[in-house]
Amino acid sequence: MHSGYWMIATIAIPLFTAAILVCVPDSRRDVVRWISAGVGAALFAISMYIFFAYEVDKGEGYQFFIRWDWLENVGFLKDHGISLAFGVDGIAAPMVLLTGVVAFGGTLISWKIEHHNKDFFVLFWVLVSGVYGTFQSLDLFFFFFWYEVAVLPMYLLIAVWGSSSVFPTFARTKEYSAMKLTIMLVAASILIFLGIFAAFHEAGLGTFDLQRLYEPGTFDEDFQKLVFPLFVIGCGVLAGLWPFHTWSPDGHVAAPTAVSMLHAGVLMKLGAFGIIRLGIQLLPEGAAFWMPGLMVLATTNVVYGAFAATAQRDFKYMIGYSSVSHMGYVLMGLATMNVIGINGAVLQMFSHGIMTALFFAMVGAIYDQAHTRDMALFKGLANKMPLFTFFFGVAGLASLGLPGLSGFVAEFNVFVGTFRTYPWAGALGIFAAAMTAVYILRMMSMSFFGPFNERWADLKDMTRLEMATGVLLLSFLLFMGLWPAPFIDRISESVIALPGVT
Amino acid sequence: MIQVFFYLFATTVIAGALGVVLLRNTVYAALSLIGALLGVAAVYILLSVEFLALVQILIYAGAVTVLLLFALMLTRARELQERLDGDQKPLAAVAALVLLGAFITVMDQTTWPRDVGEITTVPFATIGDALLTRWAVPFELVSGVLLVALVGAIILAMQEEGEP
Amino acid sequence: MESVTQEIPLEHFLMLSFILFTIGVYGVLARRNAVIVLMSVELMLNAVSINMVAFAVYTAPSLFAGIIFAIFIIAVAAAEVGLALAVILRLFRNRGTANIDEVDTLKW
Amino acid sequence: MSAGLNMDYTAFIPEFMLVGLAALVVALDLFVPQFRKSWLPYVAASGLLVTAGVSCAWIDKQVDFARLVTVDDFTTYFRVFFMAIAAVVCLASGRLVEERLRHPGEYYALIIISTVGAIGMAAARELMTAYLSLELLSFSLYILVSFQKYEGRSNEAGIKYLLLGAFSSAWFLYGLSLLYGVAGSTYYDDIARALSEDTSAYDFALLMGLVLIVTGLGFKVAAVPFHMWTPDAYEGAPVAVTAYLSTTSKAAGFALLLRLFSSALDVVHDDWSWMIAGMAAATMLLGNLVALQQHNIKRLMAYSSIGQVGYMLMGIAGLSHDTASAIVLHLTGYMVTNLVVFVVIIAWYNMTGREEIADFRGMRERAPLLAAALAAALFSLAGLPLFAGFVTKFILFQAATEEGYFWLAGIGVVTSVISLYYYLQIMREAFVSAPEEGAEPLRVPYLMQGLTVALMLGVFYIGLYPQQLFEAIDEATRVLFV
Amino acid sequence: MSDAWVIPLLPVAGFVLLLLFSPWLPRKGDWLAIGLMAASFVLACLVAADLADAIGEAGVGSFAGISESREWFNVEGYIEIRMGTYVDQITVVMLFVVSFIALLVMIYSTGYMRGDRRYGWFYSIISLFTASMLTLVVADNLLLLYFAWELVGLCSMLLIGHYNDKQSAAEAAKKAFITTRVGDVGLLIGIIILFTQTGTFNIGEILRAAEEGEIAREWLTAAAVCVFAGAVGKSAQFPLHVWLPDAMEGPTPVSALIHAATMVVAGVYLVARMLPLFEVVRGMPELITALGLTTAVLSALMGLAQRDIKRVVAYSTLNSLGLMFVALGSGAVGAAMLYLFAHAFFKALLFLACGSVIHATEEQEVDKLGGLWSKMPITAPMFIVGALAMAGLIPLSGFWAKDEILVGIRHGHLNDIVAITVFATLPITSLYMVRLVMLTFFGEPKDQHVHEHAHESEASMSWPLMLLGALAAVAGFVVFEGVGEALGFHSGWLGFVYNLAEGPEEFHVNWGISILSVVLVSAGLVAGLWIWAGKAEPARRAAAFSPFLYRMFLNRFYIDEVYQAAVDYFVLAAGRVVAWFDRSIVNDTGVNGAGETAWYAGWLGKFAQTGKLPNYALAIVVGVIVMAIVAFGYRT
């Protein structure tokens, strides 16, 4: 069997699952659950396969490559005009794995959803297929196609199953957050749209096939300088680029657990991934010209996010802002345009994905019982729910870059890369990492330590499913933290191949 | 001589038209419309298209205006002497003038191609023949239009049992 | 009569139709009684016919399409009036007015 | 007289069949009292579909009738297209007509006849024919709009639509007369030949003529600033008629635009492209912005359709074979999607008698299928993938870009994001808001369910595998540019 | 030596096993942890022995430690990271100290922590701590060192916060972690600078590069300062010393292990390792000395006024650490390591003794204790031994170590102010040690109730005390070459430890200094005895004499308060400002603003739709006119 079918499977299976689930009657909740769990496991397995079957040092750019022509030789389209072209390189492979892991975790966590869980999983699987598609597409049109597919279900997912939050100073309804998230992301894709139009027109090849567009000399330098910002900002918004990040804290807060996991864990990575695929690979000279600017914004992200996180009272808001900060590291790494930095960026994409998914899973676990996420209301949970505290703490440590967990490997590479080119940015980044310690510990000591608040006497520790999710994610945190070689081998191979990367 | 006739008819037409849009009494307006339409018919005669003139007089000056008068009677509001002009009369005047200006520019900027400067008369027979052969499709279409209009008019206008 | 027709250039007829058309436009814009608005539209259509005929006679004698067009226009106009009157009557029955600026329940 | 003209009436078999069908429907309604009125829609629909099937016989043929009309792939495509739309509308309006309207026979007959007019607009290669077909369509629509004759809003809509329609067709005719004056003929090909010579002597007349023609057609397709009848007519008309308005009359307008501007006026492209471009920009912006403010679903759909018109005008502005096929593709996708939305609206209206957006609340609970279809269709309208909207819009914009209208494409993308906002508002009512108390689930008729599903399949087909369709359209539009 | 990497691995195994299974193990599995610890202690001794032989073969000076490493990850030609061990004299000293103290503390804890709710957790974390501390010691590259460095920090936090339902404990843990974290930022920056400059993390190579001046001067300076910042944080030197006293919230064994014997001296170890780097940077040694000195003086003064016995000991720790840094600053590595070696014993002893007092009385405020001499026959003498060693009374280990440092300072290229200041601190040190002893074990019991049920601790606690006491007494003698050789240290202690390739350094007693120090120390002792004997009247009078000074000492010069204010009014405030900015400016104005603009545009637009037909017609006409005008405009 052509190995490319595995990739097709990652996209087709979720879509078909969605189609099948539509036909399941509303009342059969368990059927939905079991189907979804099975599919989640299957996808996880396939992702593992794709990751480990990816052969390092094979020498060819994209492995598992497969192409189905979709629209060609009609209108302005020539050969391979628009084709379902899929392929995985060393950068995409970890992302595919990430998607598999988080999606599986998400299905497990969503087990307890009662209200129309059928609809939920339909949308959920559409989302997942979109994510897989984006990571594997090698066709400009379909890259964007799947990108939008991934954004599409967000509104309903958040607005129906999400939660509004009210604070002394301000309030956010779930509808508002959902709408803002959707509109901002789609609005950002305006820029990508325009970039694609311009690129196709400029190239004049009559095809959206990325591999042909990648050929050097397709775009002259002025054009690249002109269009690069479109792509980088367009994708950047999804990656939480400052100052276009505000959808992310509100959105993640409002979203139901699994969606927060998938969105913060995987979807934000689509943005960064897009910057690599559409920015660096498509327009290397433009990248060379604009990256300093991106570095400035990214540094802002990192510091800004960290500071904002220190002032939050809501678990999810804190995590949301820390995501802004951590995605800043990703952008930083990309902006360095050197191998170590971009390695670090991709590692950070993976690491942050797992870590933040763990965070959100845990927050969900407590929110479902306590129906509040206000840190100030909790106190001394550590003795009431030790396991929960443990997993939460590990996530926190990963995010503050504790060696031995994935966060350190990634951030460390980013810092080294950044110091090569922008020492000041690197220093600020490390400073922000210390700030991370501040807000993580603030949160821990606020709600997990200290005398126990009797109001929560009836809280239970984690359920089995939550345990399973936690262990699943934790294992990958440790895997990458202690033995990063498998990741770095794959990533670096492709990163070195990127154009214009020193 | 001819010119005199032409200007005569032209003034009739314009006067009638102005009457339609300016008079304060709906019935007078309708009557002046008849005048204008007859003037147009006369212009057709000047252009030696008698057939068209005939049609004009029969259908327009005859049938249509009668219809219009009926309509006016039927829709006469309870109190007489109500305002006939809308609020945006001044704007309308301005717009109309600007439009006329535009047309006049067109007028003096244009020399019409293939302007033979002489009239060729078209006999009835030819027109009838053409209607049924060369222009058969439009002819059928227009019959369709008339049919539809007829049906529609009946459906909409007719009083029905149980009408509120 | 042929001899004298040379004395009236095409432009005169066009000018006439222009003026007529403009007056019609004015009527549509300024009048509020639906029937009179309809009359103004008829004026515009007449202007069109004059144009058509004039062109047909002066510039395109071969097929005299203009004349045919004029005929059709008259027919359509008549049909239009008939239909319009039906609608106006219906409106008058339901609303008790035929003034088009008083029927503005559908807006915004 | 008719020397050398092909007068082969067989080319009109489908149209004749339609007229016959119309007559049959009326007759059944009148003379066979025991005939179940509720069967009329099925008769009409099946007749239309049969005719559509028959007209497929002309695929890849090119029959010319007296230089007035040609039956070529373009015509054939639109023939099938219009008949299909009409069939759907007939089926969808069944229950509505039974419960809320009188004279079902005439209702269906008018829909069928108007289809003839629409086809004529697509097929005409001569101004008179084009105009009269247009009037045939319009007249039927005038009547249909005011068909709910005891309903004040219906009358109001009717009167506005009719008077403005007459007004605008006067402009259109005036434009035609000027065009006739400068070109000396009403045949498209003669016009093209005449205009390809040096036009400097009568440029102004030509320009004025173009302006007026654009005005007239702009009115038909509801382009800003000639759109103002649209919201009122849509809101006032019976909802099924609204569906018909938003589909056939627009599509026919574009068919006419395409045919006329490509085969007659292409030679003076620069003289009119900017007008269309300007109109397109204004239309996209105004349509989508004002739609943000609507609370009546029909009115909202009116504005959204205005926005969609803007997108397609963008293609007309840069008219070429590629854009033409892109337009038709988008038109097709849009029509199918739009029909889904309207079928849902009709079904909902039949069951609840409500047509405010706020009345859609709890649709997920009360009619899941409709809700799902609605969601998908709205996403498609907003141009999101998996559905028709994404690919068609993408190709349309890309084509416009290829013709150098990048800025229009830009506006188009921005406005489609704006549109997403109000589509999501509808979805919010349907999915998020809870139904009011005591509202129990509704039983959606199987007919409606079937229609929805069938149309949804269409939406997905165009969205997921448009290759054949696009090729067919490409063929159809090729004849315009020979 | 290839098995050096096993030493940390054993406790790691302990950590993992206990973490997973301790609830199901008998005695929560403490025996497992202890066993593994013992094993690695033995292993450490073996390693030390091997090393001694190796040196014997190679001959001192020509001998550079033994290292071996394996690849961690590697990007051809861009970055290669190897993880490995490096063993030399300093390493084995540390290995020995760490594993030995850890072992004792674990045994001691079986008694002290009995019945604790999280007994198993305690042992697993202690194992993890020991493991990472050992890793830190054997690391051959800065990255692995940082790795361990962070882990010990983490464990220290967890253990300080062991009684996590006490708010103060939670706060102390947070404070400790964040404060040290500040230093770690520096360390990481320094490491990365060094890597970008030299392209390697290997300590040896970096030092070589530094000495051969391959690193740009400004970068070298930056790197040195940054790395030193790390050391300052970990070893609680001024200005980052504030966390150590609070760290006493943790269980006493922890304080003994982490905050006396091992972790806090990591900084000393790091500086000792990297000393060549520091020495080539101008002004660096002076900086180190200055900070060390400040810490020593301040802590000595603060120690005078504290009431909590553990805190007093903590301040004495600060004092000692300062002393070590002074030594390092003056280049006397050997002396510093010797002091470290001795200090480990007597400070651990002091803490464990405190522990046993607290365990016995459940009190740690000096003004509630007193007169325990009779009650605690083992603890009291042991405590006194420790205190005197700390004060530096001949012939206890403290004396020799301190003396070495003094000698080092005299020989070092520093001016005499340093020496004088150090001398000045000596009596103060002995003063507050005596004070502690007097107030705790002699005089009238201030709280009868406490005094009643005070009792000697059980064997598992008292045996380690005695063992440490003995060592604290004699450990100093290793300075005599004979003793050193007898113990297998080739050419005596200093020759052994003095690893820089300048040949061995003899031990020489500088009689002047020794006598002076002895005099000063005993002066302090006598004074102390006089002041706090009986009712301790003089003390009260001294406090009354200058309430201001007393308050300054008592409140640790208000440094903590200043920091607290800085955090509250700068960091957190900044956070709040940013959060507000994000919400109101960026989001509500920027994002919502855009949306509302569109909304209002539509709102305005909809009013064009007046519903009046004439207006619609007008719109059409206007459209026509505009288009016509534009068109004609084009043409003309």
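Quick caveat: nothing in here was measured; it's all calculated off a predicted structure. Throughout, protein chains are lettered first and strands after them, A, B, ... in sequence-line order, and every chain is numbered starting at 1.
Taking OH from B:Y44 and CZ from C:F13, the interatomic distance works out to 11.5 Å, rounded to the nearest 0.5 Å. Note that CE of C:M52 is 12.0 Å distant from CG of B:L52, once rounded to the nearest 0.5 Å. Here CE of B:M158 is found 9.5 Å from CZ of C:R90. Values are rounded to the nearest 0.5 Å. Taken from CD in C:E11 to CE in B:M107, the straight-line distance is 4.5 Å, to the nearest 0.5 Å.
Looking at B:L33, the atoms closer than 4.5 Å to chain C (heavy atoms on both sides) all sit in the side chain, from C-beta outward. With a 4.5 Å cut-off on non-hydrogen atoms, B:L47 touches chain C through its backbone and its side chain both. Neither the backbone nor the side chain of C:A84 comes within contact range of chain B; no heavy atoms are under 4.5 Å apart. Of the two parts of B:V49, only the side chain, counted from C-beta on, holds a non-hydrogen atom closer than 4.5 Å to a non-hydrogen atom of chain C. Contact annotation for B:F139: both backbone and side-chain heavy atoms come within less than 4.5 Å of a heavy atom of chain C. Of the atoms belonging to B:A63, not a single heavy atom falls under 4.5 Å from chain C. In this structure, the portions of B:A17 lying under 4.5 Å from any heavy atom of chain C include both its backbone and its side chain. Both the backbone and the side chain of B:L22 come within contact range of chain C, with heavy atoms under 4.5 Å apart. Of the atoms belonging to C:E42, heavy atoms from both backbone and side chain fall under 4.5 Å from chain B. Proximity to chain C (any heavy atom under 4.5 Å) is restricted, for B:Y7, to the side chain, taken from C-beta onward. Proximity to chain B involves both the backbone and the side chain of C:I23, based on heavy atoms less than 4.5 angstrom apart.
Looking only at side-chain heavy atoms (C-beta outward), C:L20 and B:V13 come within less than 4.5 Å of each other. Residues B:I127 and C:I71 are in side-chain contact: their nearest non-hydrogen atoms beyond the backbone lie under 4.5 Å apart. Within the 4.5 Å cutoff, side-chain heavy atoms of B:Y60 are placed close to those of C:L45. Inter-residue side-chain proximity for B:L72 and C:M39 is flagged as met; some heavy-atom pair is nearer than 4.5 Å. For the pair B:L131/C:I68, a side-chain contact is recorded, criterion being any heavy-atom separation below 4.5 Å from C-beta on. In this structure, B:V40 and C:S49 have side chains that are not in contact, with every pair of non-hydrogen atoms separated by 4.5 Å or more.
Exactly one of B:V94, B:L100, B:L99, B:V21 qualifies for a side-chain contact (heavy atoms from CB on, under 4.5 Å) with C:Y26. That residue is B:V21.
When B:V64, B:L68, B:I59 are compared by the number of non-hydrogen pairs under 4.5 Å with chain C, B:L68 comes out ahead. Looking only at heavy-atom pairs under 4.5 Å with chain C, the residue among B:I104, B:D87, B:V145, B:L18 that has the most is B:L18. If you tally non-hydrogen atom pairs under 4.5 Å between each of B:G86, B:A95, B:A153 and chain C, the highest count goes to B:G86. Contacts with chain B were tallied for C:V28, C:V87, C:I67; C:I67 has the most, counting heavy-atom pairs under 4.5 Å. Of the listed residues (C:V25, C:L10, C:V53), the greatest number of heavy-atom pairs within a distance under 4.5 Å of chain B belongs to C:V53. Per-residue counts of heavy-atom pairs under 4.5 Å with chain B were compared for C:L83, C:N46, C:D101; the largest is that of C:N46. Among B:V55, B:L97, B:I14, the residue with the largest count of heavy-atom pairs under 4.5 Å with chain C is B:I14. Contact count against chain B (heavy-atom pairs under 4.5 Å) is highest for C:I50 among C:I50, C:V76, C:V37, C:L38. Highest contact tally toward chain B, considering only C:I19, C:V81, C:I74, C:N33, is held by C:I74 [criterion: heavy-atom pairs under 4.5 Å]. Among C:N99, C:I100, C:L91, the residue with the largest count of heavy-atom pairs under 4.5 Å with chain B is C:N99.
Here the closest heavy-atom approach between residue C:G82 and residue B:L67 is recorded as CA-CD1, 4.2 Å. B:L146 and C:A79 get closest at one heavy-atom pair: CD2-CB, 3.5 Å. In plain terms, the two heavy atoms of B:T75 and C:F92 that are nearest each other are O-CE1, 3.2 Å.
Aromatic ring centroids of B:W112 and C:F55 lie under 6.0 Å apart.
Ring-plane geometry between B:F103 and C:F18 is classed as parallel, the angle between the planes falling under 30 degrees on a 0 to 90 degree scale with a further cut at 60.
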From CA spacing to verdict: salt bridge (Lys or Arg N to Asp or Glu O under 4.0 Å), C:R31, B:D85: CA-CA 5 Å; C:R31 302 298 238 178; B:D85 291 337; 2.7 Å; yes

